[in-house]
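One structure is given here, and the rest of the page talks about it.
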Amino acid sequence: MNAHNSRARAHANLALVKYFGKRDLALNLPAAGSLSLTLKPLTTTTHIAFEGGIEKDVVKVNGALAEPRFSARVSRFLDIVRGMAGSDYRASVETRNDFPTAAGLASSASGFAALALASTDALGLCLDEAALSALARRGSGSAARSITGGISVWRRGESTDGSDSFARTIAEPKEWDLRVVVGVTDPGAKKVGSTEAMERTRETSPYYNEWIRSAEHDLEEATDAVNERDFMRLGEITERSALAMHAAAIAARPGIVYWNGATLEAFHAIRALRENGLEVYFTCDAGPQPKVLTLPENVVAVEEMLMATPGVTRTIRCELGEGARLISE
Ligand code: PMV
């Protein structure tokens, strides 16, 4: 391998306190902080090779040429890295997700985290974790939280240049054995992209300001719950943060409804399990997949419940994973 090649790996992450609203669109600065779990096995592996003499960046996802819109987004991100490194080399990028992309699970977080690490390494830049997280954020806000492992907090930051808006780990994977079970449902109506949804919600939802206020409060409380290893409190905040985020989006004009029937059935089934004494809490992102936060002893019961929910086609078991890293093979 010459000096301009690099390969990196990063996991997806799941927000328990959601990020949904930007204070700066161009820099992907959040209007409120968020808290997330970095999840294995959901993994993206990205190889990048910068070369002089090639005309444009070439981007492949799972072996096939990426759609033009996604390629352009990757190129814009690489322009930032090239600017930092003083290079005008174009790149060939090959990225692979080991989780089903058709399942509607967000791969932009793991994707831009792996790309941030691989591209900076390949151009000889050596960034610390905070700077890498702030850089990954430029590709996709939530990617800031896939640079870090375990349980992470991404603060909104105060500076206009975004230099203080990055994620950091507040608990390592071995410090708390949290589990997540993802329910994969048949994709419903075409989803609205997260940036478009956030902007529409900010501009038109009567609940947006209240949502942002509650998110900052939820972040403080969730951080305390993590520090105290208070699972019930963390679970309650997880559910209410997801519901408040979706309520704000549903109230936008026109309203954005990410759920399908299976999503809602799963929410009710999770609450029924909880009434039977199991510590299980749901959350959901910009898509129809219900995701369940739980403890190791409840994973099998959660999987059985999800598979018994009409419309859920499969489940994926996850646990806390480490942050983005370079790999040599
Ligand atoms: O960073 P984006 O554009 O993928 O936005 C992520 C938004 C949510 O997944 C809905 C919430 C979150 O905090 O991950």
Side-chain angles (χ1 to χ4, degrees), residues 10-39 42 44 69-70 73-74 76-77 97 99 101 103-116 133-148 151-157 162 165-167 180 182 191-202 205 208 211-212 214-216 218-219 222-223 237-250 252 256-259 263 282-291 293 318 324:
H11 296 303
N13 72 75
L14 173 67
L16 304 186
V17 176
K18 303 293 186 195
Y19 147 60
F20 201 75
K22 301 179 199 254
R23 67 180 169 93
D24 184 307
L25 186 58
L27 293 174
N28 270 343
L29 293 176
S34 54
L35 182 146
S36 64
L37 310 180
T38 298
L39 293 181
L42 309 176
T44 298
R69 263 186 73 186
F70 186 70
R73 189 169 160 195
V74 168
R76 280 198 303 277
F77 180 81
N97 299 320
F99 49 97
T101 21
L105 295 166
S107 53
S108 64
S110 50
F112 279 101
L115 186 64
S133 169
L135 173 64
R137 189 201 76 226
R138 302 286 300 274
S140 172
S142 57
R145 304 183 311 231
S146 276
I147 293 293
T148 49
I151 307 177
S152 303
V153 167
W154 169 26
R155 296 255 164 221
R156 90 188 270 287
S165 188
F166 52 82
V180 169
V182 178
K191 96 178 186 107
V192 184
S194 54
T195 295
E196 187 188 335
M198 287 181 202
E199 285 300 285
R200 194 192 302 169
T201 302
R202 183 177 64 77
S205 174
Y208 179 75
W211 148 248
I212 293 300
S214 71
E216 278 296 350
D218 284 347
L219 177 61
T223 305
I237 300 162
T238 296
E239 260 189 35
R240 78 175 185 227
S241 175
L243 289 173
M245 177 196 105
H246 284 274
I250 287 168
I256 303 154
V257 183
Y258 281 115
W259 303 333
T263 321
F282 64 78
T283 183
C284 187
D285 294 292
Q289 326 304 342
K291 295 158 187 173
L293 173 69
C318 304

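Indexing begins at 1, ligand by ligand and atom by atom, following the structure's order. Just so we're clear, the structure is a prediction, and the values are computed from it rather than from any experiment.
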Is there a polar contact between ligand 1 and Arg145, counting only N or O atoms under 3.5 Å apart? yes
Are any of the N or O atoms of Asn13 closer than 3.5 Å to those of ligand 1? no
Among Lys291, Lys18, Gln289, which residue meets the side chain to side chain donor-acceptor pair (under 3.5 Å) test with Thr283? Lys18
Working to the nearest 0.5 Å, report the span between [atom1] of [X] and [atom2] of [Y].
| X | Y | atom1 | atom2 | value |
| --- | --- | --- | --- | --- |
| Glu196 | Thr201 | CD | OG1 | 10.0 Å |
| Met198 | Tyr208 | CE | OH | 9.0 Å |
| Thr195 | Arg200 | OG1 | CZ | 12.5 Å |
| Arg138 | Leu29 | CZ | CG | 8.5 Å |

At less than 4.0 angstrom from any non-hydrogen atom of [X], what atoms of ligand 1 do you find?
| X | answer |
| --- | --- |
| Ser194 | 2 (P), 3 (O), 4 (O), 5 (O) |
| Ala15 | 12 (C), 13 (O), 14 (O) |
| Met198 | 5 (O), 7 (C) |
| Gly141 | 1 (O) |
| Asp285 | 8 (C), 9 (O), 10 (C), 11 (C) |

Report yes or no: does Ser108 have a heavy atom closer than 4.0 Å to ligand 1? yes
State if Ser34 counts as touching ligand 1 under the rule of any non-hydrogen atom under 4.0 Å. no
Can you tell me how the ring of Tyr19 sits relative to the ring of Trp154, calling it parallel under 30°, perpendicular over 60° and tilted otherwise? perpendicular
Can a donor-acceptor pair be found between the side chains of Thr38 and Asn13 at a distance below 3.5 Å? no
In terms of its nearest heavy atom to atom 13 (O) of ligand 1, the top option of Tyr19, Tyr258, Phe112 is Tyr19
